[in-house]
Each structure stands twice: as structure tokens, then as C-alpha cells.
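Okay, structure first, notes after.
Below, chain A is the first sequence line, B the second, and so on; all start at residue 1.
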Amino acid sequence: MARVLLVEDDADLRAELADALSLFDHEVVEAEHGLHGLSLMETATVDIVVADHRMPHMTGLEMIRKMRERPEWASVPVIMVSAVSPGLPEAADVHPAVFMSKPPDIDVLNEKIARLLAADPGPERRGEPASLQRTSRVPDNDDTT
Amino acid sequence: MRARRRSAAGGRFGRFGRWSQPLVHAAVLVLPAILAGGVVAIIAVDAYREAAETRLLSSAQAIAAAVDNEFAVHEVALRTLAALGDLDDAASKAALARHAERLARDVGGWFVVTESLEAPRPAGQGNVVVDRQIINTRADDPLVDREHAVDAEAAAMLREAYDAAGDDRAFKVLDLFTGPVAGTFVAVAMLPLDSDRSGNDTDPEYFLFYVWRAATFDAILRKSATSATGFTAISDGRFRIVAHSEPSVPTGVPVPDWVPSVVEGLDKGVTTGPGFGNVPNVYAFARPERAPGWTVVAAKPRASLYSRALAFAWAIPAGLFLIAAGGLVVFNRQRAANAQEASALQQGREEIERFHESIPAIIMLLVVSPDGSREMIYHQGDFALVTDGTFDGPVPPELWDARCHEERMPRRDLYRRMVEHGEASDEYRFRRRDGAWIWLRYEVFRFGRIPDGRTEVIGYITNVTERREADANALAASRLASIGEMAAGIAHELKQPLATLSVAGQTGLMAVRRGELLRARQRIGSIETQVRRAADLVGYLRRFGSVEIDNANRPITDLGKVVSGALALVSGALNEAGIEVHVDVPDTAPVVRGEEMALVQVLITLLSNARDAIEAQPPHWPRRIDLIVEDDSDFATLTVRDTGGGIAPEVEPRLFEPFVTTKGPDKGLGLALSMAHGILVAIGAYIVARNLHDGAEFRVTLRTAAGEEKVE
């Protein structure tokens with residue numbers, strides 16, 4: 001379905017979320033914190049980012065802001081899954097982004113991924129039909145397993 | 001020399017030979033008589049002089065005794081106030097101020113309690129000796145009011161006197177200092193005062209001063225001067241005249257230049273020197289015991305001592321009579337001086353008794369022998385007043401706290417300690433009829449030494465229940481605050497396994513629905529792991545709440561476990577704050593004596609403080625904590641170094657005291673570090689803090705189990 005960058009500092013929770021996302025046939029790229037996530041994005045194209053907010057080195061919100069500074073990442077949608085909302089609705093400069101409280105309902109998470117990808121397929125896919133059936137267009141990368 | 005003198009004498013006798021024989025005979029008869037008369041006269045005059053000098057000296061000694069007695073009364077007043085002194089909170093300060101008021105009224109001076117001995121202000125603004133006054137029983141007096149000046153010399157003197165006192169906390173009679181009102185002289189005694197009476201802390205927090213006008217001495221001096229028909233004076237350690245029997249002569253002037261060199265190093269003596277108006281005087285001087293720097297001088301014109309003796313010296317019988325009379329005078333004078341000294345002591349005792357009447361303390365005067373045995377000289381105080389009306393006599397034995405009573409230091413040891421250190425104390429408790437505890441404090445001070453080797457001791461029994469309760473409450477509050485911090489940490493740490501559980505559960509259910517049994521099994525396995533992780537955390541909290549410090553049975557603890565235990569609880573929070581933690585623990589971590597959870601609590605406190613300090617720094621400040629364990633066979637150290645900007649200078653001296661914090665009200669009461677300090681002290685470890693270039697370093701030194709065996 002989609003190539004998801006999952007950014008979460010707790011390894012156990014990250015593993016469970018990755019497994020849950022793979023249940024919905026998403027391909028998951030895992031990162032430990034915001035900075036790590038950004039560095040992975042340099043080498044692997046992702047359709048959507050699912051990130052925690054409170055993380056060492058770089059918070060989720062900081063990461064989105066950095067993303068929005070780069071034209072190629074400016075419209076990659078983000079779902080922030082966190083116990084504490086960093087105030088996404090007010091932070092207009094980070095959209096498209098939605099907030100989900102932690103722990104997430106995985107069905108809702110999947111729905112949100114689908115809806116965000118339908119609303120904005122991202123710069124690389126502009127002109128393509130927003131399809132939930134779209135498979136990964138990115139060559140397999142060992143880093144992303 | 002001797003030989004030449006003899007030959008000269010022989011020559012003179014040769015010349016006599018040329019005179020007539022009768023004259024020679026007359027000379028042989030009369031000359032020895034004249035010579036004998038002369039010798040007797042000289043002896044008589046000398047005896048009279050000596051008697052007069054002894055008389056003068058006795059007079060000086062009696063004055064010194066009276067002055068000393070005055071000091072003794074002041075010392076008792078100062079010590080009484082110190083015994084009642086408890087400055088933990090506003091209420092105890094108010095109570096102390098009340099006692100100070102009453103004592104000040106009774107002894108005629110006034111008390112000042114200050115928080116610091118500040119350096120003088122710049123010239124022109126006046127210099128303040130006693131800054132940050134807490135209690136001043138004569139706030140209206142310009143001499144010690146902070147807005148008015150006390151001279152810079154006095155400020156330096158107080159500081160110097162305090163520094164010189166070192167560990168000796170004895171009462172010090174300080175020199176005089178001048179106030180802004182010309183011609184006013186005030187003497188000061190000072191006692192460092194702690195609100196923490198445990199004796200762990202050697203640095204005083206407060207200074208208690210007793211100030212009085214030197215005019216107190218005028219009456220004593222004038223009275224003695226009249227009977228000695230000379231004049232008397234007293235000078236301070238800087239040889240300035242404090243008080244004087246001649247109202248016309250100013251005080252505050254330096255004594256003549258030659259005096260210091262003559263009297264220095266002597267306790268008492270008689271000397272001759274130029275007096276006022278250049279009439280030679282005979283001076284007798286003596287020193288009050290409690291103010292060794294001070295000198296009491298009794299003086300008489302030299303001529304008056306000899307003239308009377310010489311007037312009668314021609315008569316042998318008069319000479320002989322004078323020898324006898326002189327002896328008698330000396331004897332009577334000495335007796336009078338002794339009586340004067342005794343009456344001064346009696347007066348002092350009465351004064352002490354009077355001002356103790358309404359003070360909630362029992363006061364005792366004892367004489368303690370070097371072996372620790374003691375004799376009660378007097379004992380006064382209202383037991384009902386001390387025990388809040390619970391008892392008016394001795395406490396029935398069944399109400400004593402047996403364990404506490406057994407743990408009390410044997411009296412003999414207490415007195416021995418007092419003889420050694422100048423003071424000693426202990427605290428004990430008993431039950432009130434309503435079941436509550438009453439805590440009493442018994443403290444003894446060295447008051448004076450008796451020539452036979454025994455020591456005069458003042459003892460106080462005061463009620464310290466309120467302070468003990470406040471201490472206990474502070475400890476409980478501190479424990480709660482730490483538990484609060486810990487609970488916040490645990491709540492945070494629990495959120496992750498709970499979130500993981502939730503996701504694993506949902507995925508597992510979905511996998512079951514889809515018939516993906518392998519995936520479902522994996523998810524259940526992960527649920528099991530997460531439940532364990534959560535249970536461990538909860539278990540930790542439970543153990544944390546029940547930390548007991550049992551010195552007799554201290555378990556040994558691996559410092560590596562302490563580090564991993566603390567990190568398990570706070571690493572999440574440190575990570576979130578974006579702080580890098582560098583841990584350096586030897587492969588075989590040192591093993592120390594101490595409860596693991598207590599040490600974990602200490603380390604959590606240090607790490608949480610480091611985190612808070614770093615978080616308060618600007619965004620691009622380095623965010624790093626180094627946690628280092630080192631093993632030095634007998635000792636192990638645990639160091640926490642942060643980049644949080646360091647300890648604020650205003651907090652540094654009181655860093656380990658309760659309720660000291662630079663953090664906002666949301667960050668707790670400032671109890672955690674004092675609690676950590678308390679834990680470490682209880683297990684015989686210690687902690688020091690210092691500032692590095694970009695942060696603070698806390699170093700805990702613990703005796704290793706191996707090192708402890710060596711000591712034992």
C-alpha cells in the first residue's frame with residue numbers, strides 16, 4: 001500500500017507499530033528519532049510519516065518543520081502519534097499533519113493514512129490517481145527493513 | 001669589684017683614727033643605733049609600700065572579679081538564648097525574639113541575631129557589621145540598626161574574632177566598638193548559632209550577639225576608686241579605656257604608650273609609671289577571666305604611698321608598728337577583696353536566677369571532675385514550663401522511651417566530651433499522658449575552669465518537641481516529594497509498555513481474525529514481555545516507598561545495579577529532554593554498603609536535578625550528562641556531571657539544606673537533594689558539589705564493602 005516512515009524512540013512500541021502497519025500491507029521504514037528520520041528520507045522516498053512527538057535529539061514537531069523547509073518533502077503528510085499533543089492544529093506551517101493520541105487504534109491509524117494519501121498524494125505522485133492499492137515505487141533498500 | 005670596695009672602706013676608717021677618742025666612742029655607740037634605726041625605717045617604709053601595693057592589687061583583682069562576674073551573667077544570658085534558639089521557621093524565630101526581649105530587659109543589654117557577618121559597605125554610606133538581622137531586641141537603637149553605621153574597624157574585628165574562634169564556639173568577649181553617637185561604647189559578645197542542632201554541620205547559619213553599654217562598669221569602678229583613694233579604669237584588648245572612675249577623663253582614649261609593653265603577658269602585677277599630669281603613679285593591674293584581653297587598672301599617685309610612711313619613719317617604734325599595721329591592712333584588705341568577690345558572685349547568681357524565672361528551660365550549674373563525675377551547685381527552672389505543663393516533677397520511668405533512653409550517651413561521656421570540646425548535648429523523649437512524645441534536649445557548656453582541674457558547667461534542659469516534629473514532617477514531606485518525582489517517572493515509563501501492549505493486542509486480535517496464527521503468537525509473546533516490563537516498574541515503586549535505613553544490617557549493593565536501576569526510571573525523561581547520557585561503569589562495578597533503593601533514589605535525584613538544570617539552559621546549549629563510577633578499592637565514587645550551567649552562588653552554601661531550590665514551584669519543594677544528603681550521611685557516605693566550566697559536578701563517595709571490613 002504505502003511506504004511509511006515510522007519514527008518512534010521506544011524500540012518495543014516501534015516494533016509493534018511496524019508489525020501493525022505491515023498487517024495493512026504498508027511497507028515500513030523505521031527511525032529512532034526525528035534526526036534519524038530525516039536522514040533516512042534523504043535516501044528513501046516515503047509516502048507518509050507516522051511519528052512520535054517527544055523524542056531525543058529532535059522532536060516530532062521539529063522534524064516536520066525541517067521537512068516543510070525542503071520543497072520535495074513539503075507536502076508529505078504526517079500523522080503524529082503521541083501521548084501529548086504538540087498543538088498541530090495551531091501549527092499551520094506543518095500541514096498536512098494530523099494528531100492521534102497514544103496508544104493509537106490501529107484501524108483508525110490505517111484509515112488516516114489512507115485519507116491523507118488520498119487528499120495529498122505528494123509532489124512525486126502529482127497527477128497520479130490517489131490509489132490505496134498503489135504499491136511501493138521505491139526500490140527495496142536494505143536500510144529500510 | 002668586691003675587693004676594691006673593701007679597701008676604700010678601710011681608708012675611711014683610717015681617717016676616723018685622727019679624731020679624739022671620746023668622739024670615737026660616741027660614734028661607736030650612736031652610729032649602730034642610727035644605722036639600726038635607719039634599717040628598721042627602710043624596712044618599715046618598704047613594708048608599708050608593699051602593703052599599699054598589695055592593697056592596690058587586691059583592689060584591682062576585686063574589680064576584675066566583679067567585671068568577670070558581669071561577663072559571666074552576660075555569658076549565661078547569651079547561652080540561655082542560644083539554648084532556646086531555634087530558627088527553623090518564622091514561628092520559632094518569633095519565639096526566640098520573645099525570649100530575647102525578656103532576657104535583654106533583665107540583663108540590661110540587647111540581643112541581635114543576624115544571618116551573616118557581611119563586609120562593610122563602601123565608605124560614605126556607613127558600614128554595616130550586622131546585616132540581615134533577624135532579631136534585634138533594640139531595633140530603635142542606632143548602634144546596631146542596619147541603616148546606621150557601626151565602624152569599619154568593628155566590622156573587621158567581628159569577622160576576625162569569628163574566624164579566629166575556629167571550632168571553639170565559646171563565648172567571646174569582644175573589644176569595644178564605637179557607635180555613631182560620639183562617646184558611646186558598646187561591648188559585644190558573639191555566639192555562632194545553628195538551626196540544625198544535629199551537630200553535623202559545622203558552619204553556623206546565624207550569629208547571636210549580645211551588646212551592652214560599657215557604662216555598666218562605671219559604677220563598679222567608681223565605687224572601688226573611692227575606697228582606694230586613687231582611680232580605676234578598664235581597657236579593652238586594644239588598650240583603649242572602656243570605663244573610668246574619673247568622670248572628667250574621657251573614655252575611648254588609648255592608655256599611655258608604655259602600658260601595653262609592661263602588662264602584656266602578665267595576669268596581674270604592680271608597676272610604676274607616669275600618670276595623668278605627669279605625677280608618677282603606682283599601677284596595679286588584673287585581668288577578668290572571661291576577657292583575657294582586657295585589663296583592669298587601679299592606680300594611686302606614687303608619692304601618696306611613701307609620704308605617710310616617711311612621715312613616721314624617723315621613729316623606730318613607729319616603723320615597727322607600721323610593719324605590723326601594714327600586715328594587718330594587707331590581711332584586712334585581702335579579706336575585704338575576697339568578700340567583695342564573693343558578694344559579686346552572689347549578686348551574679350541572683351541575677352541569673354531572676355532572669356531564668358520565666359524562661360522555659362531548666363538551668364543547672366555543675367562542677368565536673370576530669371573523670372566525668374559531677375556535683376550540682378544549683379538547679380533552677382520550672383519543669384512544668386519546660387514540658388508544656390505535662391509534668392511538674394520527675395517523669396515516671398514507665399513514660400520514658402526505653403530505647404531512646406538506652407541510646408543516650410552515658411552522662412560521664414557527655415561531660416568528658418564537653419570538657420574536650422566546650423559543649424555537648426543529647427536529646428531524648430518520653431510519652432505524655434495523651435500518648436504524644438515530648439522531646440527534651442540536654443546541653444552542657446564549659447563555663448569556667450577551676451584551678452583544681454575541675455570544670456564549671458552550665459547545663460540546660462529545653463523542650464525541642466516542636467523542632468523534632470518539624471524535622472520529622474520535613475523528612476516525610478521530602479519522602480513524599482521524592483515519591484512524587486518517582487511516581488511521575490514511573491507513570492512516564494509505564495506509558496510506553498501500555499501503548500505497546502495496546503498496539504500488540506489490537507494487532508494480535510486482527511491476526512487471529514485473519515487466521516495468521518504465527519503473527520498472533522508473536523504478538524501474545526510481546527504482550528507477555530510488556531506486562532513484565534510494566535510489573536517491574538511498579539515493583540520498583542513499591543520497594544522505593546519502603547526504603548529503611550538500617551545501619552546495623554546494611555546490605556551490600558552493586559553500584560552497577562544502582563546505575564541501571566536509576567537509568568531505568570529516568571532515561572526516558574532524559575531522552576525526551578534531548579540529553580545525551582554517557583555512562584562509564586567499570587566491568588566489575590564496586591560493591592558498597594547501602595540499600596540499593598536508597599542509592600537509586602540518590603542517583604535519581606542527581607540525574608533529575610541535572611536534567612532540570614540543562615532544560616533551563618538556552619536551546620543550543622550542550623545537553624550532556626556524564627555518569628561515572630570509579631573504584632578505588634576502599635572507596636567508590638559515583639559522579640554525575642552535567643552541562644546545566646552550574647550551581648547558583650546564592651544557593652551553593654546551603655545546597656544540601658531542605659527547601660533550597662532555584663527551580664520554579666512546579667519543580668518541587670527543594671527537598672530531594674537534602675533527602676539524598678540525609679541518606680548518604682546515614683550510611684556513612686558523603687557528597688560534594690562543585691561547578692565546572694559549563695555545569696555542575698556532584699560526587700558521592702561511598703566506602704566499599706572491602707574498605708569497610710578494613711575499618712572494622
Legend entry - From A:Leu17 atom CG to B:Gln506 atom CD, the distance as rounded to the nearest 0.5 Å: 9.5 Å

Inset, instruction - Please report the closest heavy-atom contact between B:Ala499 and A:Pro103, naming both atoms and the distance. - result: CA-CB, 3.5 Å

Inset, instruction - Might you confirm whether atom CZ of A:Arg70 has over 12 heavy atoms from other residues, nucleotides or ligands at distances under 6.0 Å? - result: yes

Inset, instruction - Keeping the roles fixed (side chain from A:Glu16, backbone from B:Val503), state whether a donor-acceptor pair exists under 3.5 Å. - result: no

Inset, instruction - Go through the atoms of A:Ser22 and report whether side chain, backbone, both or neither lie under 4.5 Å from a heavy atom of chain B. - result: both

Legend entry - Contacting region of B:Arg519 [heavy-atom separation from chain A under 4.5 Å]: side chain

Inset, instruction - Hey, could you give me the CZ/CG distance between A:Arg54 and B:Asn575, rounded to the nearest 0.5 Å? - result: 11.5 Å

Legend entry - A:Asp10/B:Arg533 ion pair, N-O < 4.0 Å: yes

Legend entry - Side-chain heavy atoms of B:Gln530 within contact of A:Leu13, under 4.5 Å: no

Inset, instruction - Say whether, by atom type as modelled, one donor and one acceptor occur between the side chain of B:Gln496 and the main chain of A:Asp12 under 3.5 angstrom. - result: no

Legend entry - From CG (A:Asp19) to OG (B:Ser526), nearest 0.5 Å: 8.5 Å

Legend entry - Backbone N/O of A:Leu23 and side chain of B:Arg514: donor-acceptor pair under 3.5 Å: yes

Legend entry - chain A contacts, top residue of B:Thr500, B:Ile579, B:Leu498 (heavy-atom pairs, under 4.5 Å): B:Thr500

